[in-house]
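Each chain gets a letter, A, B and so on, in the order the sequences are listed, and its residues count up from 1. Note that these values count all heavy atoms, side chains included, but never hydrogens, waters or copies made by symmetry.
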Number of protein chains: 2
Amino acid sequence: MLELPILGFLHEAPLHGYELRKRVAALTGHIKPIAESTLYPAIKRMEKAGWLRRDPQPGAVAAPRHVLSLTDEGRAELMRRLADPDPLDISNENRWFTVLAFLRHLADPAAQAVVLRRRLAFLEEPSSFFYADERPVSAEEVDDPFRRGVLVIARATSRAELGWLRSTLAALDAAG
Amino acid sequence: MLELPILGFLHEAPLHGYELRKRVAALTGHIKPIAESTLYPAIKRMEKAGWLRRDPQPGAVAAPRHVLSLTDEGRAELMRRLADPDPLDISNENRWFTVLAFLRHLADPAAQAVVLRRRLAFLEEPSSFFYADERPVSAEEVDDPFRRGVLVIARATSRAELGWLRSTLAALDAAG
DNA sequence: ACGTCATACATCGGCACCGATGTATAGTCC
DNA sequence: GGACTATACATCGGTGCCGATGTATGACGT
């Protein structure tokens, strides 16, 4: 969950922990804030995995900063995660948005299109939130105004995303 | 995450674990499947908390079933969680949808309206995914087609939900 | 009679994340 | 010069969730 944005931001520029945290907060913080006590263990984990380097920078401000930068292995890991995302990255909107935020780093338009097509397939497969007798219930059939809201909102989102996906895929196919 | 749907479904009818799992899967399973090894510990936890009762039903099928039903305390807990949801239930779309799926059980229209207004306030407060120089970046300004997609989709969702929220709130206010 | 599958419940080890708390330094205000 | 705040990194215990695996029974085909 946290590792993809860390890889993504560090691919764009070396950062120290505090700045990294601010960027992650800007990206997804309004949905789910990220605690400091989650970030630093994640950094350690990823350093141990060989994905990033920590260079002490005993500079001007406050406590000594560690400048974080991606290793070649870290870059490879980022590309692997972008090219072949976890199923949850496809189905969960927040995680999908994180993939989209860094997908441009996957330089090849064809590879980008493959990822978009996975999301397209997910959105096109029939699914609902509510069922009666094994059959999906449409918004029009639901009495409960709150459950109807869920369906109305989900439908609007789906429509907007399908439109965007199709036009973007057309552009990518033309480019490739 | 799991406890609210369990409370909600058991409020509607006593169920055994397997059936409960199927209902939870129908509600949110297409986004994030729920493992059996998560459900049963959750049930135990909630039984220990006094929210539900497990009555063995050594009936016809397969392994002995436990029929799960809410206690009065469980019902009170459900009402508390619906009336005063966790901040994450408001900001995270999937969790918000779960609240909506059971909000009708909060019988009082005024109490329902309070919850909807919290979501309204969340959606109305300006927020973005991407920032440049501390300033939010609008879809029109973004070069990257993928980041533009995030903003376009989020905007469509927000518009649809704001419309639904305002009309539903009007109806609730008229009813109260 | 036997293998296979679906149903139903259960345990265990591991991991990501979090809240609480701690430490240390630089800047700001009075 | 002392109180306070913001920055920056860190540890610890607890919790919720998961994958792997196990156990037991009824249903069904052959």
Side-chain angles (χ1 to χ4, degrees), chain A residues 1-7 10 14-25 28-29 31-49 51-68 81 86-89 91-92 94-95 98 134, chain B residues 1-7 10 14-25 28-29 31-49 51-68 81 86-89 91-92 94-95 98 134:
Chain A
M1 181 62 286
L2 234 191
E3 293 178 2
L4 183 59
I6 293 178
L7 291 170
L10 292 184
L15 300 170
H16 55 271
Y18 199 75
E19 177 62 26
L20 180 58
R21 193 184 168 223
K22 283 200 291 187
R23 303 223 179 172
V24 174
T28 57
I31 305 295
K32 181 163 165 41
I34 150 79
E36 284 199 342
S37 52
T38 306
L39 178 65
Y40 290 105
I43 289 171
K44 270 200 177 166
R45 206 159 68 225
M46 295 170 72
E47 187 192 12
K48 208 170 149 193
W51 298 339
L52 52 83
R53 221 190 350 263
R54 301 198 308 161
D55 299 308
Q57 179 202 47
V61 290
R65 288 173 164 176
H66 293 176
V67 175
L68 309 167
R81 290 192 190 210
D86 185 285
L88 243 78
D89 289 328
S91 66
N92 182 300
N94 297 324
R95 292 183 59 157
T98 305
E134 321 270 310
Chain B
M1 186 49 298
L2 234 191
E3 293 177 4
L4 183 58
I6 292 178
L7 291 170
L10 292 185
L15 300 169
H16 55 270
Y18 201 75
E19 178 62 27
L20 181 58
R21 192 186 168 221
K22 283 200 289 188
R23 303 222 180 173
V24 174
T28 56
I31 306 294
K32 182 164 165 41
I34 148 80
E36 284 199 343
S37 52
T38 306
L39 179 64
Y40 290 105
I43 289 171
K44 271 201 175 164
R45 208 160 64 225
M46 294 170 72
E47 188 193 11
K48 207 170 148 192
W51 298 338
L52 53 84
R53 219 187 354 261
R54 300 197 310 161
D55 299 307
Q57 180 203 48
V61 292
R65 288 173 164 177
H66 292 177
V67 175
L68 308 168
R81 291 191 190 210
D86 186 285
L88 243 79
D89 289 329
S91 66
N92 183 300
N94 297 323
R95 293 183 59 156
T98 305
E134 322 269 311

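The separation between A:L15 atom CG and D:dC9 atom P is 11 Å, rounded to whole Å. Protein atom CE of A:M46 is 13 Å distant from nucleotide atom C1' of C:dA16, rounded to whole Å. Separating the CG atom of B:D55 from the C1' atom of C:dC9 is a distance of 16 Å, rounded to the nearest angstrom. Rounded to an integer number of Å, the gap from OH of A:Y18 to P of C:dA26 is 16 Å. One interatomic measurement links the two molecules: NE2 of B:H66 to C1' of D:dT23, which rounds to 14 Å at whole-angstrom precision. Between B:K22 atom NZ and C:dA6 atom P the separation is 13 Å, expressed in whole Å. Distance B:D86 CG to C:dC18 P: 12 Å, rounded to the nearest Å. Atom CG of A:N92 is separated from atom C1' of C:dA16 by 15 Å (rounded to the nearest Å).
Scored by the side-chain contact (heavy atoms from CB on, under 4.5 Å) test, A:E36 finds A:Y18, A:R21, A:Y40 as partners (sequence neighbours excluded).
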Protein within reach of the bases, or only the backbone? For nucleotides 14-19 of chain D, mark each nucleotide 5' to 3' as B, S or -, using heavy atoms under 4.0 Å.
--SSBB
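Between A:V24 and A:P5, the shortest heavy-atom contact is CG2-CB, 4.3 Å. When all heavy atoms are compared, the tightest approach of A:N94 to A:N92 is N-OD1, 2.9 Å. Of all heavy-atom pairs spanning B:G17 and B:L39, the tightest one is O-CD2, 3.5 Å.
Remark: A:Y40 is in phosphate contact with D:dC9, judged by side-chain N or O atoms under 4.0 Å from OP1 or OP2. Within the structure, every side-chain polar atom (N or O) of A:K44 is placed at least 4.0 Å from both OP1 and OP2 of D:dC9. When the side-chain nitrogen and oxygen atoms of B:H16 are compared with OP1 and OP2 of C:dT7, none of them lie within a distance under 4.0 Å.
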Please lay out, stage by stage, how B:R54 and B:L52 fare under the test side chain to side chain contact (heavy atoms under 4.5 Å, CB included).
CA-CA 7 Å; B:R54 300 197 310 161; B:L52 53 84; 4.2 Å; yes
B:L2 vs B:T38, test: side chain to side chain contact (heavy atoms under 4.5 Å, CB included). Steps then yes/no.
CA-CA 9 Å; B:L2 234 191; B:T38 306; 3.6 Å; yes
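Residues B:L68 and B:L15 are not in side-chain contact: their nearest non-hydrogen atoms beyond the backbone lie 4.5 Å or more apart.
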